Structures are given as C-alpha cells and as structure tokens.
Chemist: 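The structure is given below, and queries will be raised subsequently.
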Amino acid sequence: MAGETPAALPVLADIKLVITDVDGVLTDGGIYYDATGECLKRFHVRDGLGMRLLEENGVRVAVLSGRDSPTLRKRVADLGITLYQFGVKDKHGACRELMAQAGVEVNQTVCIGDDSIDLPAFAACGLSYAVADAPVYVQACASAVLVKEGGKGAFRELADAILVAQGKEHVFGSAEGFSTVMGRVVQ
C-alpha cells in the first residue's frame with residue numbers, strides 16, 4: 001500500500017478501558033497455598049487505588065485472568081470492579097467481549113500483561129503494556145514496557161500515566177484533587 005500513511009497508534013488521552021491480567025501484573029506471579037489448599041495472592045494497594053482512580057474519572061477497568069480463585073474474586077469485589085472474566089484461555093475473544101460490555105472501541109482500549117497468554121490480548125487492544133519483568137519476547141510484542149514489575153505498582157504506573165494524559169493528575173497529585181474522590185475509593 002505504497003503512499004498510504006499507516007494508522008497512528010491510539011494515545012493514552014483517548015483510553016476509556018484498561019484490561020488487566022492478574023498473575024504477574026496485579027501480583028508478583030507467585031501462587032501460594034495454605035494448609036487447606038486455598039490459593040493466596042499478594043496484591044499491591046497502590047494498584048488497587050489506581051483502579052479506583054481510573055473508574056472515578058471515567059475510565060473503566062476490566063480484570064481478565066487465566067485463573068479463577070476465591071481470593072481473586074474477593075479482591076475484585078472489594079475494589080468494586082464490575083467488568084471481569086476469570087478462567088479464560090482465549091484472551092483475544094475475552095477482550096472483545098469486555099470492550100463490547102464497556103461500549104468502547106479498540107482504539108480506546110489498553111491492556112497490561114506479563115506472559116505469552118497475554119499476547120492475544122495485546123493483539124485485541126489498541127495499546128498494550130508489558131510489566132518490566134515480562135520476558136523479552138512479551139515486551140517485544142507490547143506497545144510499551146513499564147518501569148515497574150508485576151505486583152510492585154505496575155498497574156498504578158499505567159493508571160497514573162493515563163490520568164496525566166487526560167489532564168486529571170490532580171486526583172492523585174494534590175490533597176484538594178484527591179479530596180474530590182477520597183470518599184469513593186479503596187485500596
């Protein structure tokens with residue numbers, strides 16, 4: 001297609017939906033089992049606050065995981081996230097379904113992941129971000145790579161970048177701004 005200008009990548013200012021993986025993004029990727037066989041996970045509170053800040057500022061958050069567990073369901077419920085799919089292997093199809101549920105277009109969607117299972121999600125979304133400790137072949141498929149590792153504030157890094165791009169950094173960067181949302185957010 002000589003002479004045609006390739007379509008520009010979407011920009012964070014246009015994002016209306018963030019789809020996030022769980023293990024290796026919202027957690028450090030470790031899976032812990034207690035004596036009863038219950039799965040335990042460690043989540044970063046700043047990621048949770050980032051999810052709520054996005055939601056309170058008109059950007060939907062969807063949680064997409066290849067695994068399902070009571071621990072994950074509890075975390076998502078505690079954060080008030082209503083868009084999610086658990087136990088999913090076809091992340092491309094799941095992303096399309098989540099976009100339809102949110103009423104957004106591909107170029108208004110970004111996803112964040114850490115491993116090969118997330119590559120179909122990268123292909124389904126307008127933008128994709130890999131966490132800093134993702135394998136190099138996953139990083140190579142992403143639109144960009146975050147500075148933070150999974151489970152160590154990577155989601156919050158992306159959330160803050162979106163809010164800055166949309167001119168809403170006051171909600172996390174000042175006491176006055178945060179006071180406008182503090183009654184509705186959790187960590």
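Note that the structure is predicted; figures quoted are calculated from it, not measured. Below, each value reflects all heavy atoms present in this structure, side chains not excepted, and no hydrogens, waters or symmetry copies.
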Chemist: Given side-chain contact (heavy atoms from CB on, under 4.5 Å), test Leu26 with Arg75 step by step and report yes or no.
Modeler: CA-CA 10 Å; Leu26 298 180; Arg75 180 66 173 152; over 6 Å; no
Chemist: Can you name the closest pair of heavy atoms from Ala134 and Ala130 and give their distance?
Modeler: CB-CB, 4.1 Å
Chemist: What closest approach, in Å, do Val138 and Phe122 show between heavy atoms, and which atom pair accounts for it?
Modeler: O-CE2, 3.8 Å
Chemist: Which residue in the set Val63, Leu83, Thr109, Leu54 passes side chain to side chain contact (heavy atoms under 4.5 Å, CB included) when paired with Val18?
Modeler: Leu54
Chemist: Can you tell me if Glu149 uses its side chain to pair, donor with acceptor, with the backbone of Ala154 under 3.5 Å?
Modeler: no
Chemist: Compare every heavy atom of Ala124 with every heavy atom of Val106, then report the nearest pair and how far apart it is.
Modeler: CG1-O, 3.6 Å
Chemist: Would you find a donor on one side and an acceptor on the other, under 3.5 Å apart, between the side chain of Glu55 and the backbone of Ile81?
Modeler: no
Chemist: Keeping Asp47 on the side-chain end and Arg156 on the backbone end, is there a donor-acceptor pair under 3.5 Å?
Modeler: yes
Chemist: Hey, are the side chains of Val22 and Thr27 touching, using non-hydrogen atoms and a 4.5 Å cut-off?
Modeler: yes
Chemist: Lys41 versus Asp28: any side-chain heavy-atom pair under 4.5 Å?
Modeler: no
Chemist: How about Cys125 and Met99: do any of their side-chain heavy atoms sit closer than 4.5 Å?
Modeler: yes
Chemist: Are side-chain heavy atoms of Leu49 and Phe178 found at a separation under 4.5 Å?
Modeler: yes
Chemist: Closer than 3.5 angstrom, by distance alone: can the side chain of Glu56 be matched with the main-chain N or O of Val181 as a donor-acceptor pair?
Modeler: no
Chemist: In the structure I gave you, are the side-chain heavy atoms of Cys95 and Leu64 within less than 4.5 Å of one another anywhere?
Modeler: yes
Chemist: I'd like to know if the side chain of Glu169 and the backbone of Asp160 have a donor-acceptor N/O pair within less than 3.5 Å.
Modeler: no
Chemist: Backbone N or O of Ile15 within a donor-acceptor pair of the Gln166 side chain at under 3.5 Å?
Modeler: yes
Chemist: What pair of heavy atoms forms the shortest contact from Lys89 to Gly66, and how long is it?
Modeler: NZ-O, 2.8 Å
Chemist: Looking at Asp114 and Asp133, would you say the former's side chain and the latter's main chain have a donor-acceptor pair under 3.5 Å?
Modeler: no
Chemist: How close do Arg67 and Asp23 get, heavy atom to heavy atom, and via which atoms?
Modeler: CD-OD2, 3.0 Å
Chemist: Answer yes or no: are there more than 12 heavy-atom neighbours, outside Lys168 itself, under 6.0 Å from its atom NZ?
Modeler: yes
Chemist: Measure the shortest side-chain to side-chain distance between Gln85 and Glu97 over non-hydrogen atoms and say whether it is less than 4.5 angstrom.
Modeler: yes
Chemist: In the structure I gave you, are the side-chain heavy atoms of Tyr33 and Cys39 within less than 4.5 Å of one another anywhere?
Modeler: yes
Chemist: Between Asp21 and Lys91, does any NZ, NE, NH1 or NH2 come within less than 4.0 Å of an OD or OE carboxylate oxygen?
Modeler: yes
Chemist: Can you confirm whether Tyr84 is buried at OH, in the sense that more than 12 heavy atoms of other residues, nucleotides or ligands lie under 6.0 Å from that atom?
Modeler: no
Chemist: Nearest 0.5 angstrom please: Thr82 OG1 to Gln101 CD, how far?
Modeler: 9.0 Å
Chemist: How about Leu12 and Leu158: do any of their side-chain heavy atoms sit closer than 4.5 Å?
Modeler: yes
Chemist: Does the pair Asp68 and Arg73 meet the rule for a side-chain contact (heavy atoms from CB on, under 4.5 Å), with working shown?
Modeler: CA-CA 8 Å; Asp68 190 359; Arg73 289 181 177 272; 2.9 Å; yes
Chemist: Indicate the atoms forming the closest heavy-atom contact of Val131 with Gly150, along with that distance.
Modeler: CB-N, 3.7 Å
Chemist: Would you check if the side chain of Ser143 reaches a backbone N or O of Tyr129 as a donor-acceptor pair within less than 3.5 Å?
Modeler: no
Chemist: Is the backbone of Leu79 close enough, under 3.5 Å, to the side chain of Arg52 for a donor and an acceptor to pair up by distance?
Modeler: yes
Chemist: Spell out, as yes or no, whether a donor-acceptor pair under 3.5 Å connects the side chain of Asp115 to the backbone of Ile117.
Modeler: no
